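As the structure is a computational prediction, the values presented were derived from the model and not from experiment.
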Amino acid sequence: PAASIEQYKTTMPWSNFGTFLLLDETVLDRIQIDGIYYNLFVDSKTAEITGVENRDQISTINIPQSVTFDDLTFNVTSIGDGAFSVTKIKEIILPQGLKSIGFNMFFGCDYLQSIVIPKSVESVGYSIHYSSENPNLTIYCEAEKVGIKIGTKTVQKSFGDTKTKN
């Protein structure tokens, strides 16, 4: 039941997981829109990013707040595990309204310079970024009370509007 899922989201250990799939929800998976792959959840009208096209060529990603498919609009609320791993991105723009970021989202992104985590983010998966080639990634975290593990360094506090360098 949906009410039970909501309760589990706030208890340990379930609060560490960013995505809950309701078994009775219709899901359109691996839908490509403007070079980004999504899982689209029809009943809740939400979208989860699962990857990008041309992983070795893309340098900038601007994630929209919502996407439209077959005349239905879906709010982009989550980024799945490893969605942008092993890409050559330098810049990514995350939208307000994003609620969760999966683990290893930027694994092996050696060219990534900075990430701004919007205030709307409630959970960030384990090891958001891990790359021995890029020790100077800057994370701007507007979200409150988000503990982030960046490679082997864990930050367990609210950043407010401050900068953290790894």
Side-chain angles (χ1 to χ4, degrees), residues 1-55 58-87 89-107 109 112-129 137 139-150 158-161:
S4 297
I5 295 289
E6 291 304 315
Q7 289 175 343
Y8 280 117
K9 285 182 181 180
T10 60
T11 60
M12 290 300 285
W14 301 109
S15 62
N16 293 326
F17 292 93
T19 304
F20 288 84
L21 299 178
L22 301 177
L23 298 178
D24 59 345
E25 180 153 22
T26 303
V27 179
L28 305 172
D29 63 335
R30 292 293 285 174
I31 304 298
Q32 192 262 102
I33 302 170
D34 296 328
I36 300 175
Y37 291 101
Y38 298 89
N39 286 340
L40 303 177
F41 300 92
V42 176
D43 300 335
S44 62
K45 303 283 189 289
T46 59
E48 173 186 54
I49 295 173
T50 59
V52 291
E53 199 171 52
N54 300 320
R55 296 180 85 76
I58 193 162
S59 66
T60 300
I61 299 171
N62 187 357
I63 298 173
Q65 284 188 313
S66 62
V67 292
T68 302
F69 181 77
D70 281 350
D71 295 324
L72 295 173
T73 299
F74 299 86
N75 292 321
V76 177
T77 58
S78 64
I79 300 174
D81 298 338
F84 302 112
S85 62
V86 194
T87 60
I89 61 172
K90 292 180 183 177
E91 177 184 27
I92 186 163
I93 300 163
L94 303 176
Q96 285 296 334
L98 187 67
K99 299 226 181 275
S100 67
I101 298 173
F103 79 93
N104 283 339
M105 182 172 82
F106 297 112
F107 174 82
C109 292
L112 187 61
Q113 298 167 356
S114 66
I115 306 167
V116 176
I117 298 176
K119 193 172 196 133
S120 58
V121 172
E122 298 168 355
S123 67
V124 175
Y126 179 82
S127 196
I128 185 174
H129 176 269
L137 171 68
I139 294 181
Y140 301 89
C141 188
E142 298 171 346
E144 296 178 5
K145 299 179 184 173
V146 172
I148 300 174
K149 180 155 180 81
I150 308 158
S158 170
F159 299 149
D161 293 320

Distance check, rounded to the nearest 0.5 Å: [X] atom [atom1] versus [Y] atom [atom2]?
X: Asn62; Y: Leu94; atom1: CG; atom2: CG; value: 9.5 Å
X: Ser78; Y: Leu98; atom1: OG; atom2: CG; value: 7.5 Å
X: Ile63; Y: Ile49; atom1: CD1; atom2: CD1; value: 3.5 Å
X: Thr60; Y: Ile93; atom1: OG1; atom2: CD1; value: 7.0 Å
X: Gln113; Y: Ile89; atom1: CD; atom2: CD1; value: 10.5 Å
X: Phe106; Y: Ile115; atom1: CZ; atom2: CD1; value: 4.0 Å

Over all atoms of both residues, closest heavy-atom pair of [X] and [Y]:
X: Met105; Y: Ile79; value: SD-CG2, 3.3 Å
X: Cys109; Y: Val86; value: SG-N, 4.1 Å
X: Ser123; Y: Val121; value: O-CG1, 3.5 Å
X: Asn75; Y: Ser66; value: OD1-CB, 3.8 Å

Set of side-chain contact (heavy atoms from CB on, under 4.5 Å) partners for Val116, sequence neighbours left out: Tyr140, Glu142
Can you list the steps and then say if Lys45 with Leu72 is a side chain to side chain contact (heavy atoms under 4.5 Å, CB included)? CA-CA 8 Å; Lys45 303 283 189 289; Leu72 295 173; 4.1 Å; yes
Under 3.5 Å, is there a donor-acceptor pair between the side chain of Gln65 and the main chain of Gln96? yes
Between Ser120 (side chain) and Gly97 (backbone), is there a donor-acceptor pair under 3.5 Å? yes
Identify all side-chain donor-acceptor contacts of residues 31-41 below 3.5 Å with residues at least two apart in sequence or on another chain.
unit_1: Gln32; atom_1: OE1; unit_2: Asp34; atom_2: N; d: 3.2
unit_1: Gln32; atom_1: OE1; unit_2: Gly35; atom_2: N; d: 2.7
unit_1: Gln32; atom_1: NE2; unit_2: Glu53; atom_2: OE2; d: 3.3
unit_1: Asn39; atom_1: OD1; unit_2: Arg30; atom_2: N; d: 3.3
unit_1: Asn39; atom_1: ND2; unit_2: Glu48; atom_2: OE1; d: 3.4

Going by the rule side-chain hydrogen bond (donor to acceptor under 3.5 Å, both in side chains), which residues pair with Ser44 if we only count those two or more places apart in sequence or in a different chain? Glu25, Thr46
Side-chain contact, heavy-atom cut-off 4.5 Å: Asp43 with Thr26? yes
